[in-house]
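What follows is a single structure, written as structure tokens, with notes after it.
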Amino acid sequence: MRFAAIADVHGNHLALEAVLEDIRSQGISDIVNLGDCFSGPLTAGKTADLLLALDALTVRGNHDRYLIEQAPETLHVSDKAAYAELSERHLDWLRSLPFSAVYRNEAYLCHATPAADNVYWLESVSADGHVYQKPLEEIEALAAGIDFPLILCGHTHIPRIVRLSDGRLIVNPGSVGCPAYDDDLPHYHKVEVGHPFASYVILEKKADHWLPIFRQVAYDHMAMARLAAQNSRAEWASGLATGWLR
């Protein structure tokens, strides 16, 4: 049993195209998508066309929710840029997405945590803005009642695997299209993966356990960085070009 998980495409169609090509090159046809599909100053419309055609099992991310719950004039600048490129067909697809899902009775899927779509599961943020791995006990508390051997989440854009004390795995595939960002909540902080590549994960079941294989894929990230700069988003341009916010 073998499938791929993607997350946090954030409207980067070039990164998504490269990842889908890499997945196909691995002989994999089954893909799950952990949300935050479109938000960003890039190519939300082209990304939406790709994802709708892909027809992958997809859960809704917090930015996907903002696009369908908030009035356009109140949207954050990244969500507003995406909204301007989306058709009603794309928005209807977002409305159809579930908060969570189960893949083949083996893997639980959510965007952030089983209780909220905008809370970090595997990381915490200190008052001075330092992002660090959350203690195991806190991670396990959020996993209570999720009785599947494999748990997939996104949201933080950081590729990571945590093995719980009972053997369950929580896996974050990293971000397809946004390798660095900053946020004001719960305290101002930056998340920087330190490279410009598109990230995803292959999940393979061997005997009675799952093995995650993280992959980073090169694509024309500078084209996306230039587009972000043209759209007056210098922080996005920096992140896309380097994986750092400078």
Side-chain angles (χ1 to χ4, degrees), residues 2-56 58 61 63 78 81-82 85 111 122-123 131 152-161 171-182 190-204 210-246:
R2 198 162 171 254
F3 69 102
I6 64 174
D8 296 286
V9 179
H10 281 283
N12 188 334
H13 88 280
L14 290 184
L16 178 59
E17 285 179 337
V19 163
L20 294 179
E21 182 178 349
D22 192 75
I23 292 171
R24 287 191 292 268
S25 77
Q26 304 300 309
I28 295 172
S29 57
D30 281 9
I31 302 171
V32 301
N33 176 7
L34 305 178
D36 272 10
C37 301
F38 306 137
S39 178
L42 301 175
T43 51
K46 291 180 179 179
T47 303
D49 288 341
L50 286 170
L51 287 177
L52 268 65
L54 185 63
D55 195 29
T58 302
H63 284 283
S78 287
E85 289 207 4
H111 177 67
L122 306 181
E123 292 82 19
V131 180
L152 303 179
C153 67
H155 191 49
T156 64
H157 302 198
I158 302 171
R160 178 161 284 166
I161 174 174
V171 180
N172 185 328
S175 173
V176 169
C178 179
Y181 67 90
D182 61 356
K190 296 178 181 180
V191 172
E192 302 163 302
V193 300
H195 64 74
F197 306 119
S199 295
Y200 79 98
V201 70
I202 294 170
L203 292 311
E204 185 170 1
W210 284 93
L211 176 66
I213 304 165
F214 293 95
R215 291 186 65 83
Q216 283 72 45
V217 182
Y219 72 101
D220 190 358
H221 62 278
M222 290 308 300
M224 290 289 98
R226 288 190 294 270
L227 179 58
Q230 291 167 14
N231 289 333
S232 302
R233 297 298 301 278
E235 77 284 13
W236 270 79
S238 175
L240 289 161
T242 68
W244 301 92
L245 298 182
R246 296 291 185 266

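Treat the numbers as computed from the prediction; the structure is a model and nothing was measured. All heavy atoms count here, side chains included; hydrogens, waters and symmetry mates do not.
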Mind listing the closest non-hydrogen atom pair of [X] and [Y] along with its distance?
| X | Y | answer |
| --- | --- | --- |
| Ala198 | Ala15 | CB-CB, 4.0 Å |
| Pro196 | Ala241 | CB-O, 3.7 Å |
| Gly239 | Pro179 | O-CG, 3.1 Å |
| Ala7 | Gly154 | CB-CA, 4.3 Å |
| Leu14 | Asp220 | CD1-O, 3.9 Å |
| Ala218 | Ala18 | O-CB, 3.9 Å |

Output yes when a side-chain donor or acceptor of [X] lies under 3.5 Å from a complementary backbone atom of [Y], and no otherwise.
| X | Y | answer |
| --- | --- | --- |
| Thr242 | Ser238 | yes |
| Asn172 | Pro159 | no |
| Asp36 | His63 | yes |
| Ser199 | Gln216 | no |
| Arg2 | Gln26 | yes |
| His10 | Phe38 | no |
| Thr43 | Gly11 | yes |
| His157 | Cys178 | yes |
| Glu123 | Val131 | no |

Measuring from atom [atom1] of [X] to atom [atom2] of [Y], what distance do you get when rounded to the nearest 0.5 angstrom?
| X | Y | atom1 | atom2 | answer |
| --- | --- | --- | --- | --- |
| Asp8 | Ser39 | CG | OG | 10.0 Å |
| Ile28 | Ile202 | CD1 | CD1 | 3.5 Å |
| Leu211 | Ile161 | CG | CD1 | 7.5 Å |

Considering only heavy atoms from C-beta outward, does the side chain of [X] approach that of [Y] to under 4.5 Å?
| X | Y | answer |
| --- | --- | --- |
| Ile23 | Ile6 | yes |
| Tyr219 | Leu16 | no |
| Asp22 | Tyr200 | yes |
| Leu122 | Thr156 | no |
| Leu20 | Ile31 | yes |
| Trp236 | Asn231 | no |
| Leu240 | Asn12 | yes |

Task: Atom CD of Glu21 with >12 non-hydrogen neighbours under 6.0 angstrom - done: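 For Glu21, atom CD is not crowded (no more than 12 foreign heavy atoms under 6.0 Å).
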Task: Within 6.0 angstrom of Lys46 NZ, more than 12 heavy atoms from elsewhere - done: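 It does not: Lys46 NZ has 12 such atoms or fewer within range.
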Task: Lys/Arg N to Asp/Glu carboxylate O, Arg246 vs Glu192, below 4.0 Å - done: yes
TODO: Applying ring-ring contact (aromatic ring centres under 6.0 Å, His included), name anything that partners His221, two or more places apart in sequence or on another chain.
DONE: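 Checked His221 against ring-ring contact (aromatic ring centres under 6.0 Å, His included); zero matches.
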- [ ] In sequence, state the C-alpha distance, the side-chain angles, and the governing distance for Asn33 and Leu54, and then conclude on side chain to side chain contact (heavy atoms under 4.5 Å, CB included).
- [x] CA-CA 10 Å; Asn33 176 7; Leu54 185 63; over 6 Å; no
Task: Parallel, tilted or perpendicular: ring planes of His111 versus His155, cut at 30 and 60 degrees - done: perpendicular
